[in-house]
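Let me begin by presenting the structure, written as structure tokens, before commenting on it.
Residue numbers run from 1 in the order of the sequence given. Because only heavy atoms are used, hydrogens play no part in the values below, and waters and symmetry mates are left out as well, while side chains stay in.
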Amino acid sequence: FMVEKDVNQGRVSIGLPTIDRYDPDWAAARVMNDILGGGGFTSRLVNRIRSDEGLAYSVNSRIEGGTYYAEPWRLVFQSKVRSVAYATELAMIEIRKMRDSLVTATELEASRNKFVESLPVQFETANAIAGGLAVEELTGRYEKDPSYYADYGKRLNAVTAADVRRVAARLLDPARMTVLMVGNSKDMMLGDDKHPASIKTLAGGDPKRLPLRDPLTMKSLAGNPN
């Protein structure tokens, strides 16, 4: 999907529904996403799109693990309009690598350790402890999974490279992903002269055009009710 908007960069969002926080693959999904795009400068997407190619200042992927229903996995970045196609192609390449090959032992250990070692920060004060436990009670996780925090480190440290590849193959299906591009559509469609990447090729044809909408009323700013 493409939305025409006069902005200085192309803004890209890629997403699809995934899992809730009670899914048996939740720990592996967190590690997978952290290595792929959620871990800042240690993540593959940031290294490939920002550090190696200089195509975006910020690249980030998120998986929430819905409290009451499955929430989406999302990848977002901004790039120069002529670079949008190439940056999107690189993102899809990294997603496929995550599905098709094993992460390294270094990537796996660093990600697991980050999650486990950062847990105490959430409970630094009596107020934080009381608030955290209250949320567990109010949202129902204590009833469904009373050992969540007791087993937190054990579950994450049990995640293997094979688990990461399996959960990536399960959740990150490029054929099911929705891609939204916002910006100067003409320039985005032209692509970058230095690279053969094409939005038409990525989309399998022309992307569907959506009207720019008022964020409060969701009515089309172009006067088109659709």
Side-chain angles (χ1 to χ4, degrees), residues 11-47 49-50 56-78 91 95 98 103 105-161 163-168 170-172 176-178 180 215-218:
R11 306 179 185 192
V12 180
S13 299
I14 304 171
L16 78 173
T18 52
I19 58 179
D20 65 27
R21 66 186 186 180
Y22 303 109
D23 191 285
D25 280 335
W26 173 228
R30 295 182 74 193
V31 173
M32 178 274 294
N33 178 71
D34 184 70
I35 295 171
L36 177 60
F41 285 100
T42 65
S43 70
R44 294 180 176 187
L45 287 168
V46 174
N47 281 318
I49 296 174
R50 173 179 166 148
Y57 179 77
S58 175
V59 184
N60 178 260
S61 66
R62 299 177 65 183
I63 188 166
E64 300 293 346
T67 302
Y68 302 108
Y69 52 86
E71 292 193 9
W73 171 85
R74 292 176 293 172
L75 162 62
V76 295
F77 65 86
Q78 298 183 36
I95 289 167
M98 185 64 70
V103 299
T106 300
E107 289 176 315
L108 182 64
E109 182 178 9
S111 181
R112 293 185 310 198
N113 287 347
K114 179 171 67 176
F115 283 118
V116 173
E117 293 170 7
S118 64
L119 178 64
V121 177
Q122 299 179 41
F123 300 98
E124 288 185 315
T125 66
N127 187 54
I129 293 170
L133 295 179
V135 168
E136 291 296 286
E137 188 77 33
L138 290 169
T139 60
R141 180 155 59 187
Y142 183 74
E143 181 180 0
K144 290 185 178 181
D145 188 4
S147 63
Y148 174 74
Y149 281 119
D151 294 343
Y152 184 86
K154 181 173 69 176
R155 293 176 185 182
L156 282 158
N157 284 323
V159 174
T160 67
D163 291 328
V164 171
R165 181 172 61 179
R166 176 181 54 76
V167 79
R170 174 191 169 191
L171 300 180
L172 302 184
R176 296 177 57 238
M177 291 180 180
T178 297
L180 174 65
L216 295 178
T217 65
M218 294 307 294

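Side-chain atoms of Val76 and Arg11, non-hydrogen and from C-beta on, never get closer than 4.5 Å to each other. Looking at Thr139 and Tyr68, their side chains come closer than 4.5 Å, going by heavy atoms from C-beta outward. Side chains of Leu172 and Leu16 form a contact here, defined as non-hydrogen atoms less than 4.5 Å apart. Residues Val164 and Glu107 form no side-chain contact, since every pair of their non-hydrogen atoms from C-beta on lies 4.5 Å or further apart. Looking at Arg21 and Asp145, their side chains never come closer than 4.5 Å, going by heavy atoms from C-beta outward. Asn60 is not listed as a side-chain neighbour of Arg74, based on a closest heavy-atom distance of 4.5 Å or more.
Distance CD1/Ile63 to CG/Leu75: 12.5 Å, rounded to 0.5 Å. With rounding to the nearest 0.5 Å, the separation of OG in Ser43 from CZ in Arg50 is 10.5 Å. Atom CG in Leu45 sits 12.0 Å away from atom CD1 in Ile35 (nearest 0.5 Å). Going from atom CD1 of Ile14 over to atom CZ of Phe77 covers 5.5 Å, rounded to the nearest 0.5 Å. To the nearest 0.5 angstrom, Glu143 atom CD is 8.0 Å from Glu137 atom CD. Once rounded to the nearest 0.5 Å, the distance linking OG1 of Thr160 with CZ of Arg165 reads 9.5 Å.
Within the structure, side-chain hydrogen bond (donor to acceptor under 3.5 Å, both in side chains) pairs that include any residue of residues 27-40 comprise Arg30-Tyr152, Asn33-Ser61, Asn33-Trp73, Asp34-Ser111, Asp34-Lys114 (at least two apart or interchain). For the ring pair (Phe, Tyr, Trp, His ring centres under 6.0 Å) condition, the pairs that include at least one residue of residues 110-134, sequence neighbours left out, are Phe123-Tyr149.
The two atoms that bring Arg44 and Val103 nearest to each other are NH2-CA, 3.5 Å, heavy atoms only. Looking at every heavy atom in both residues, Arg170 comes nearest to Asp25 through NH1-OD2, 2.8 Å. Nearest heavy atoms, Ala27 versus Arg155: CB-O, 4.1 Å. Taking all atoms of both residues into account, the shortest heavy-atom contact from Met32 to Ala168 is CG-CB, 3.9 Å.
A donor-acceptor distance shorter than 3.5 angstrom exists from the side chain of Asp20 to the backbone of Asp23, with no hydrogens or angles considered. Between the Ser147 side chain and the Ala150 main chain, no donor and acceptor come within less than 3.5 Å of each other. With Asn157 contributing its side chain and Gly153 its backbone, the two residues share a donor-acceptor pair below 3.5 Å.
Not counting sequence neighbours, Lys144 has no partner by the side chain to side chain donor-acceptor pair (under 3.5 Å) test.
Heavy-atom neighbours of Gln122 CD from other residues, nucleotides or ligands within 6.0 Å: above the threshold of 12.
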